Amino acid sequence: MTTGLRSGQLAETAGVNLQTLRYYERRGLLAEPERTPGGHRLYPHDAVTIVRVIKAAQRLGFTLDEVAELLEAGRHRHGRRMPGLQEKAADKLAEIDARIADLNTIRSALADAMNAGCDDLSVCAASQTCPLPFTGLAQENRHAEPCC
């Protein structure tokens, strides 16, 4: 049996908890490790890097599904054209820019409402001078999933 890291060692070194390791295994992000004769998981040393990459990608805004695609692309390129980090990062950057634009619109509307002294949403919504675009905001929910 090769040497490696037990679950607790990997979790501590990578800065995650044991449940995170198990979850990454179930999701296929982290390969199922070898087992010691006593049944303890024994991870290869490069598992630390993989876990750190997963956590860093999440902090950059990638979902675990997207992280899985990135890891898979890195493992199985072999001449096939698969979207890698450059394409995925460009897509994520466009998504973030769209969210920033939405947040700037929201910020501006809220600042206008504060500057106008709006204190009651119902009264403000009925007023012709209300700076909040209630109709536009109610219709403009691009990121929402259909509820029913």
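Along the sequence shown, residues are numbered consecutively beginning with 1. Everything numeric here is computed off the predicted structure, so don't read it as measured data.
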Could you tell me if the side chain of [Y] sits less than 4.5 Å from the side chain of [X], heavy atoms only?
X: R27; Y: D65; result: yes
X: Q58; Y: L64; result: yes
X: L60; Y: K92; result: no
X: K55; Y: Y24; result: yes

Matching residue for V51 among D46, L29, L21 - test: side chain to side chain contact (heavy atoms under 4.5 Å, CB included): L21

Shortest non-hydrogen contact from [X] toward [Y]:
X: N17; Y: A11; value: C-CB, 4.1 Å
X: A31; Y: E25; value: O-CG, 4.3 Å
X: R22; Y: S7; value: NH1-OG, 3.5 Å

More than 12 foreign heavy atoms under 6.0 Å from CD of E12: is that the case here? no

Over 12 non-hydrogen atoms of neighbours within 6.0 angstrom of CG in D119: no

How long is the straight-line distance from [atom2] of [Y] back to [atom1] of [X], given to the nearest 0.5 Å?
X: L10; Y: Y43; atom1: CG; atom2: OH; answer: 6.5 Å
X: I54; Y: Y23; atom1: CD1; atom2: OH; answer: 11.0 Å
X: R6; Y: H40; atom1: CZ; atom2: NE2; answer: 4.0 Å
X: L70; Y: E87; atom1: CG; atom2: CD; answer: 10.5 Å
X: L30; Y: L71; atom1: CG; atom2: CG; answer: 9.5 Å
X: L42; Y: T3; atom1: CG; atom2: OG1; answer: 7.5 Å

Run the numbers on V48 and R52 for side-chain contact (heavy atoms from CB on, under 4.5 Å), then give the verdict. CA-CA 6 Å; V48 173; R52 286 179 177 164; 3.6 Å; yes

Can R41 and E34 be counted as an ion pair, charged N to O under 4.0 angstrom? no

Taking Q9's backbone N and O only, do any of them form a donor-acceptor pair with T13's side chain (distance below 3.5 Å, no angle check)? yes

Might you work through the side-chain contact (heavy atoms from CB on, under 4.5 Å) test for K88 and E69, ending with a clear yes or no? CA-CA 9 Å; K88 294 286 187 180; E69 290 173 12; 2.3 Å; yes

Under a 4.5 Å side-chain heavy-atom rule over Ile, Leu, Val, Met, Phe, Trp and Tyr, are I106 and M114 clustered together? no

